[in-house]
Amino acid sequence: MKISQLTRRDWLKCVGLGTGAMFVNAANFVSDSKADFVYKEDMTSGELLDGSQATPCQLQNGTIVRPKFNVPQIHETDVLVIGGGPAGTVAAIAAARAGVKTTIVERYGYFGGLSTGGLVLHILGHWTIDNGQKIQVCQGIGEEMMQRLEAFPNGIIKREFGKNPTIDAEAYKYLLVEMITEANIDVFLHSWAIDAIIDDEVDSQTGNAILRGVVIQTKLGPQAILARQIIDATGDGDVFSMAGAAHTQRLYSIGLPHRLGNLDRVTPNKSPKPRFLGDATPVPGVRWVNMGGPVADGIDVKTLSELELKHRKQIWKQVQQIKATPGYEEVYLMETASQIGVRITRVIEGMKTLTLEDARANKQFDDCIGVGGAWNGDHIGWRIPLGALLPTNIENLLTAGRSISGEPKMSDVIRVIPNCWVSGQGAGCAAAIAVQQDCLVRNVPIEPVQQLLKNQNAYLC
């Protein structure tokens, strides 16, 4: 008997409230078992641990000391990407498609970062003006993602020439899983980078420290992944900061987007329209509402905790005000972002630095790995050099996304999703070529990197 065929009497029997109770399992069949949904005969007793394996910190004379212990190595790879947001996922896919063994580490249980868990659903920054005509400069894997979202029911809207589309977070989460598994990328979710692994010898050519891998925190404790090239796509520069790369730390506004439901059931009357109704999404009746938020330190845990509490209270109050407006009674708070909207924190000091003056002057770079766009496609594109992804004093390391080297005036365009896709694809291709040619990424010949990007349909003009 299927669950959908159960009568009320059958159901009462299933939950043990009737005589002759039976158990209906998830495979939709009836078994002669106990009427207890948590009862399982095959439950194991588990492994008893005596606690001797633990290595807790010690309080010694008022100082907290972390004991020295060996970190187990769980994995080795060619290219290791830390961070599964827009930049990190594209970097991993680009490297894997180039034929090198690629691994990605993500602290949450999903990919997409702020574009999914952060509910930043608006895709802006991929159009520019060239000779009076709008052109799309975000091509390659980013454009492929948008095309594939078009094939999903309610995956993306406003996919029109010159416009900025809006995606659905759940559709994009699924698409990223599909594309990452297609590329045979090794995945470590629920894992957070907590330390850098530096070689005990410096590079003989540059005298710089050499990054050999990353220590990640898991439920089993710290574990190590070694790699030939590492891409820091954490957004906050966690890896390059721990590795000792020169960088700046900036303050920026921090918000918390949310989604509203039942906007298709609104019956407006003569009352003033309520505020904070947001913008349309691919799902009918659902709108997303962005939040600017105050300027604050996005890596300070006390600040982040305080803002989470304040933002959620503010959002709830706003929604209640909407519901109190005649005609809007059925509107409800569908979802708040599962990760807070940190926009800018650490920015690497790169071999090259993007400036607003250079962007406005259309400065050309020999090591161009992509072209960035404007929010609304109302100015010329700006070239992204590979040097902006490379630290000055650490080898085997690149960064991608909002943490690439740029002056504060460039932050607003560097950090948006399409431009993160572009720098991510550049980082992935450069790391792959460095592995294949067995050289430092700063010494990698730019021609094969650019050719690989073109083979992956990236825009470099």
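Small disclaimer: the values here were computed from a predicted structure and weren't measured. Throughout, numbering of the chain's residues begins at 1 and tracks the sequence.
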Item to complete: From the options Arg346, Gln249, Arg402, select the one residue that forms a side-chain hydrogen bond (donor to acceptor under 3.5 Å, both in side chains) with Asp236.
Response: Arg402

Worksheet entry | Set of ring pair (Phe, Tyr, Trp, His ring centres under 6.0 Å) partners for Tyr328, sequence neighbours left out | none

Worksheet item: For the atom pair CG (Leu390) and CG (Leu398), what is the distance rounded to the nearest 0.5 Å?
Response: 5.0 Å

Worksheet entry | Counterpart residues, salt bridge (Lys or Arg N to Asp or Glu O under 4.0 Å), relative to Glu330 (two or more places apart) | Arg265

Item to complete: Return each pair, listed once, that meets side chain to side chain donor-acceptor pair (under 3.5 Å) where at least one residue sits in residues 133-142; pairs must be two or more places apart or across chains.
Response: Gln136-Glu143

Worksheet entry | side chain to side chain donor-acceptor pair (under 3.5 Å) contacts touching residues 409-418 (sequence neighbours left out) | Tyr252-Asp412, Asp412-Arg415

Discussion item. Using the salt bridge (Lys or Arg N to Asp or Glu O under 4.0 Å) criterion, which residues pair with Arg312? Sequence neighbours excluded.
Written reply: Glu308

When the side chains of residues 313-322 are checked against the rest of the protein, which donor-acceptor pairs come out under 3.5 Å, sequence neighbours left out?
from	atom 1	to	atom 2	distance (Å)
Gln314	NE2	Gln318	OE1	2.9

Discussion item. Once salt bridge (Lys or Arg N to Asp or Glu O under 4.0 Å) is applied, do any residues pair with Asp195, and if so which ones, sequence neighbours excluded?
Written reply: none

Discussion item. Measuring from atom OG1 of Thr234 to atom CD of Glu106, what distance do you get when rounded to the nearest 0.5 angstrom?
Written reply: 10.0 Å

Worksheet item: Are any of the side-chain heavy atoms of Trp127 and Asn376 separated by less than 4.5 Å?
Response: no

Discussion item. Just to verify, what does Phe152 make a ring pair (Phe, Tyr, Trp, His ring centres under 6.0 Å) with, not counting sequence neighbours?
Written reply: Tyr174

Fill in: All salt bridge (Lys or Arg N to Asp or Glu O under 4.0 Å) counterparts of Glu349, not counting sequence neighbours
none

Discussion item. Side chain to side chain contact (heavy atoms under 4.5 Å, CB included), that's the test. Do Trp421 and Met145 meet it? Break it down for me.
Written reply: CA-CA 10 Å; Trp421 285 339; Met145 288 176 171; 3.9 Å; yes

Item to complete: Kindly indicate whether the side chain of Ser338, heavy atoms from C-beta on, has any atom under 4.5 Å from the side chain of Tyr108.
Response: no

Practice prompt. Could you give me the CA-CA distance, side-chain angles and deciding distance for Lys219 and His190, then say whether side chain to side chain contact (heavy atoms under 4.5 Å, CB included) is met?
Written response: CA-CA 8 Å; Lys219 287 294 185 179; His190 309 289; over 6 Å; no

Item to complete: Using ring pair (Phe, Tyr, Trp, His ring centres under 6.0 Å) as the criterion, list what pairs up with Trp288, not counting sequence neighbours.
Response: none

Response to the item:
side-chain hydrogen bond (donor to acceptor under 3.5 Å, both in side chains) filter on Gln339, not counting sequence neighbours, yields Tyr110

Fill in: Side-chain donor-acceptor contact under 3.5 Å, Ser405 with Thr353
yes

Worksheet item: Can you list the residues that meet the ring pair (Phe, Tyr, Trp, His ring centres under 6.0 Å) rule with His122, with sequence neighbours excluded?
Response: none

